[in-house]
Peer 1: 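Take this structure, written in structure tokens, and hold onto it; I'll ask about it next.
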Amino acid sequence: MTAMGAPVASIDAMSSDTAKRVDRILQKRGTQSEQLIHVLQDVNDELGWLPLESLKLVADGLGVPLSRVASVSTFYKAFSTRPRGKRIVRVCMGTACYVRGAREVTEEATRELGIQNGETTADGEMTLETVNCLGACALGPVMVSGGVVVGHLEAGAVGKALEELKRGNQEGARALGGESVEQLPELKSPEDLQSWRNQTRGRASGPVRQALVCAGTGCRAAGAAKVSEALARWIEASGSEARVGREVKETGCHGFCEKGPLVVVRPEETLYVGVKESDASEIVERTLARGEPISRLLCADASSRKRVLRWPELPFYAEQRRVVLRNAGRIDPASLTDYVASGGYDALSRVLRTMSPEGVIEEIARSGLRGRGGAGYPTGLKWKRCAEAVGGNRVIVCNGDEGDPGAYMDRSLIEADPHSVLEGMIIGAYAIGATTGHIYIRHEYPLALEQMGRAVSEARRAGLLGRAILGSRMDFDVSMTRGGGAFVCGEETALLASIEGKPGRPRPRPPYPTERGLFDLPTVINNVETLASVTRILEMGAAAYAAIGTERSKGTKIFSLVGKARNTGLVEVPMGTSIRDLVEKVGGGVPRGRKLKAVQIGGPSGGCLPESELDRPVDYEALGDAGAIMGSGGIIVMDDRTCMVDVARYFTEFLEKESCGKCTPCRDGLRELRENLETVTLGRATAGGLDEIEEMARAIGLGSLCGLGRTAVNPVLSSLRHFRAEYLSHVEDGKCPAGVCRELARFRVNERCNGCGLCREACPVNAISGETRSPHSIAQESCVRCGACLDVCHRGGIDILSGRELEEAAMEVAS
Amino acid sequence: MIELRLDGKLVLAAEGERLLDVARRVGLRIPTLCDHPAVEPEGACRLCVVEVRDRAEGPGRVVPSCLERVQPGLDVRTGSEDVKLVRRTVMRLLLQRAPDSAALRSLAEEIGGKSSGAVWVSEENAGGAGCVLCGVCTRLCAAGGHHAISIQGRGAESRVSGPGGEPPDACTGCGVCARACPTGHIQLTEIAGVRRIWGRRFEMIRCGGCGEATLPRELAELESRRLGVTLVELTHCPTCKRRSSAEKFGELPARRTREGLSESGPMKGVAR
Ligand SMILES: Cc1cc2nc3c(=O)[nH]c(=O)nc-3n(C[C@H](O)[C@H](O)[C@H](O)COP(=O)(O)O)c2cc1C
Ligand code: SF4
Ligand code: SF4
Ligand code: FES
Ligand code: FES
Ligand code: FES
């Protein structure tokens, strides 16, 4: 290359090191071009970023043009084209976290570290990034680094959390169970499966009492791993005799993540919440040994404040109907044996033995199941189309991209019961005649990736994947893809492009994937929850499933109930349940005596429904009529401290950043729409401006290429429809009634103040003064309008005013 | 043959024909930007939208006519209110990227989209000829087998460039991209036998007949190897080629001036 000299030699040495590392990855991954994204992910993990030099090595190794490698590496957020720090700190700005104050947390983190979002500290220690939902929404606001999740963050606690992350508290990062060591038989026939189940059942009835520790993402963030270790230690220490009949088992998410770590003791079904390591000995000695409950660890009902002994009696669970989540929190997700003991793979075995592919499709059609990924397309019909498409091989894809910020049912389902998803997928493959499958899971979900990876390899070892499954004529296997951090990749055609190793830009439909999908083969794409429902339908029968729900929406739906509700978490209810029941009965209503104002349903493509619309049932059509959508099932509860204009602006900004950039209306229109909404939040818009916003939104919805742009305007259109008065108040009175838009909101202490001093303590800039037990006051010139005072005051002692109202009030006082 | 309704009139179309082609065939004007005859349509710009109904009463769908194929009984409207709204909006957004592009401005006049001024002012689109991300250049470059440039980044931050923003090694200097770009965003200059594009410089080979610069040496060598044609033959300019074959067949050679040559040369109207 160049003449040799000392500095050049060292650069060469560095390059040859990079070359070696990239080479090792290429050897492991193989050199097929569709490995591109996998290879780039490995290189990014290995080097911390993707220097141009590494892109060239990858391009050469895979025989892919460098321009395409560059295009892929700059499309996905998971890749960095700049060097990053030793630790990446990610602050969640997903919806659930946002409505609980993630903006303030992010601002505090940039102040603490002295860097902006995306930058690295001067010492190269930390890089700060924001992400759109880590799937720990019930704990929001959350921050994560190196697998450690810190939840329930407040701006004031950010400094301490950062310190902790810097010290590298690695507790949460412990891998669940490690490599599988389970003894698995090789199943060659349905009879093999049955006899294995009988064996394992015999074994399972062994222990007298079992402590089930939730080791889902949420509870792990709260320290579940330590609790489970301590329980195991204490059982071990309790002597050989006492040990018999006591067992600890790690399960997946129970749904009640907010109260984690959770421990359930069976058979009594005693539920303990917020368990600490130090509680372990008492749990072992009292509850596990003698069945005695420990009252301090029981959960108090959100409304009656009474402590509840058994979890099924808590309103949070009592109002649910757990069909798809049947196993969640009950079985060890890392154990195929456990799944089989609970009846797993029985449905598959029966399908292979007794049903024709057409029969399966008919059964699913009869169940009325509609896709749970958003659009609600009838699953039976989709399968039928694919089965009838011309072409030899067929493909089934499981969509686990779950990009909706604030929704995490798919993550939880995979973490808690991966085999039920896999079983549904195998059944689907049988029905449509697919020999290959792909499971796509977003990279923000490391635990789900791990659990599904283990499930796949165990199923393969046991002969539930591969050639001649259970002795039948069916061959089928799956591979896994880790998403690269792009919301749009949840859209089916973008998802396929991504699996093929391309940038995730959607393509126009038709042709639909059922005709021309992955590598042009007829392809069915189904959501995680859809596939898990398939398994249940074949277990319980289509008729029983169809008996649940409404006329056009059958079965149950899992919702992620987050935001300003007392009980947040994952809940499964029959279709047709009213939104009000969901929020008030299951969710326990709005905390701190605030008023329920709106519910946002369906994520960024969904809509905001006002309190008056909440008696609507959850049903695809009923929600659509009101301007919302079922979407993937995110429900974000908002109280009177949420500004609807700000929420519309938030979603528009989210989608603007997630637009793939291919079509004009979405790429450039959303930017303009966001800017127009900003003028409203800044009080600079006119009433005519609202009409312009509405027209612009309509144009984007009509003109965009894929579902992202077409539905992106729903939050804006639905809030304009239901909350026009709030928009007008910004425009005409210069007032933000929720006290959120900082340019407009002014706070003033009123006569209800009793001088408790809470607000004075809460104010981050010391703008509040006053003697204890005498009225306080806010110094307007130093107030930053964060609203911290408003959130702590129990007496309604602080008014939200407009600038003009504040002036008038000041004049009155003066005169 | 398929019968469908276009702005109220019954028209016949061949199976698989695009609505855009049918409409143009019967003399309707439909604005397009990202459609190019040499590459597959992508439906990216959304200027060519029309409203279709599968049945006369059913709800309308707004679709790009460059992608949508004819179907029996389809009812197509090329100037409905929704179509106008989308086109106007798209036009305004595109003009924010390239307010001075002549092609865009004449389309805007037709559609009635107003310019709201340049929004995307940056060094690279100074001069009002920004990139509208139609993707014509990258698709043509890939179709030519070069794969030199691609769209990098995502969303509004997308950029057309060589890998990592560096001058692309794979570029042969063919200039196809610059010639096709509707806004004139791609800078191609040719001075004293040297062509510059995408930050690279290419020595031009002169025509053996008249001395006019014809092809970049890199491209000529590549093509000569690929086609098995000698460099000399390949780099003869079209006019001289025509003349030599005319001479062979005994026709009168056309007289050419240098000006005339560059008018009809391969780089018509591109060297800016
Ligand atoms: C912008 C966008 C994002 C999407 N994200 C997801 C997702 O994260 N998960 C999902 O299952 N479906 C998602 N979808 C829907 C898929 O395109 C597809 O309809 C679905 O996976 C089909 O599965 P189903 O029929 O089982 O619902 C998304 C659609 C759009 C337009
Ligand atoms: S000039 Fe270069 S970049 Fe442009 S089309 Fe030709 S090879 Fe591709
Ligand atoms: S550079 Fe020109 S041709 Fe290429 S995408 Fe931009 S506008 Fe289209
Ligand atoms: S974890 Fe923050 S919104 Fe989901
Ligand atoms: S992670 Fe434990 S209940 Fe959800
Ligand atoms: S010409 Fe049809 S979308 Fe651009």
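We use all heavy atoms of the structure for the numbers below, so side chains are in, but hydrogens, waters and symmetry mates are not. Just so it is clear: chains get the letters A, B, ... in the order the sequence lines come, proteins before strands, and each one is counted from 1.
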Peer 1: State, to 0.1 Å, how close A/P665 and B/L93 come at their nearest heavy-atom pair, and which atoms those are.
Peer 2: CA-CD1, 4.2 Å
Peer 1: Using non-hydrogen atoms and a 4.5 Å limit, figure out which bit of B/E68 sits close to chain A: side chain, backbone, both or neither.
Peer 2: neither
Peer 1: How close do A/S704 and B/R46 get, heavy atom to heavy atom, and via which atoms?
Peer 2: O-NH2, 3.3 Å
Peer 1: How many angstroms lie between atom OG of A/S73 and atom CD of B/Q152, to the nearest 0.5 angstrom?
Peer 2: 7.0 Å
Peer 1: I need the residue from B/T138, B/D82, B/V83, B/L33 with the largest number of non-hydrogen atom pairs under 4.5 Å to chain A.
Peer 2: B/D82
Peer 1: What part of B/V63 lies closer than 4.5 angstrom to a heavy atom of chain A: side chain, backbone, both or neither?
Peer 2: neither
Peer 1: Applying side-chain hydrogen bond (donor to acceptor under 3.5 Å, both in side chains), can you list everything that pairs with A/S659, at least two apart in sequence or on another chain?
Peer 2: none
Peer 1: Tell me which of these, B/L133, B/V90, B/T89, has more heavy-atom pairs under 4.5 Å with chain A than the rest.
Peer 2: B/L133
Peer 1: Answer yes or no: does atom CZ of A/R516 have more than 12 heavy-atom neighbours from other residues, nucleotides or ligands under 6.0 Å?
Peer 2: no
Peer 1: Please look at A/R505 and chain B and tell me whether the side chain, the backbone, both or neither of the residue comes under 4.5 angstrom of a heavy atom of that chain.
Peer 2: side chain
Peer 1: Spell out the residues in residues 58-67 of chain A that have some non-hydrogen atom less than 4.5 Å away from a non-hydrogen atom of chain B, in order of number; otherwise answer 'none'.
Peer 2: A/P65, A/L66, A/S67
Peer 1: Calculate, to the nearest 0.5 Å, the distance between atoms CD and OG1 belonging to B/E157 and A/T74 respectively.
Peer 2: 11.5 Å
Peer 1: Does a sphere of radius 6.0 Å around CZ in A/R82 hold more than 12 heavy atoms from other residues, nucleotides or ligands, not counting ones at 6.0 Å or beyond?
Peer 2: no
Peer 1: NZ/A/K662 to SG/B/C34 distance, rounded to the nearest 0.5 angstrom?
Peer 2: 9.0 Å
Peer 1: Is chain A contacted by the side chain of B/L67, its backbone, both, or neither, given a heavy-atom distance below 4.5 Å?
Peer 2: side chain
Peer 1: Charged N to carboxylate O under 4.0 angstrom, A/E658 versus B/R154?
Peer 2: yes
Peer 1: How many angstroms lie between atom CD of B/Q96 and atom OG1 of A/T664, to the nearest 0.5 angstrom?
Peer 2: 11.0 Å
Peer 1: Given that the side chain runs from C-beta out, which part of A/L705 has a heavy atom under 4.5 Å from chain B: side chain, backbone, both or neither?
Peer 2: both
Peer 1: Is the number of heavy atoms from other residues, nucleotides or ligands within 6.0 Å of CZ (A/R385) greater than 12?
Peer 2: no
Peer 1: Would you check if B/H147 and A/R68 make a side-chain contact, meaning some heavy-atom pair closer than 4.5 Å?
Peer 2: no
Peer 1: Considering all heavy atoms of both residues, which atom of B/S150 and which atom of A/S71 are nearest to each other, and what is their separation?
Peer 2: OG-CB, 3.7 Å
Peer 1: Please flag which part of A/R710 lies under 4.5 Å from any non-hydrogen atom of chain B: side chain, backbone, both or neither.
Peer 2: side chain
Peer 1: Counting C-beta onward and ignoring hydrogens, is there a side-chain heavy-atom pair between B/R92 and A/D668 closer than 4.5 Å?
Peer 2: no
Peer 1: For a quick test of reading the model, state the closest non-hydrogen atom pair linking A/C660 to B/S158 and the distance between them.
Peer 2: O-OG, 4.0 Å
Peer 1: Tell me, side chain or backbone of A/K77 under 4.5 Å from chain B's heavy atoms, or both, or neither?
Peer 2: both
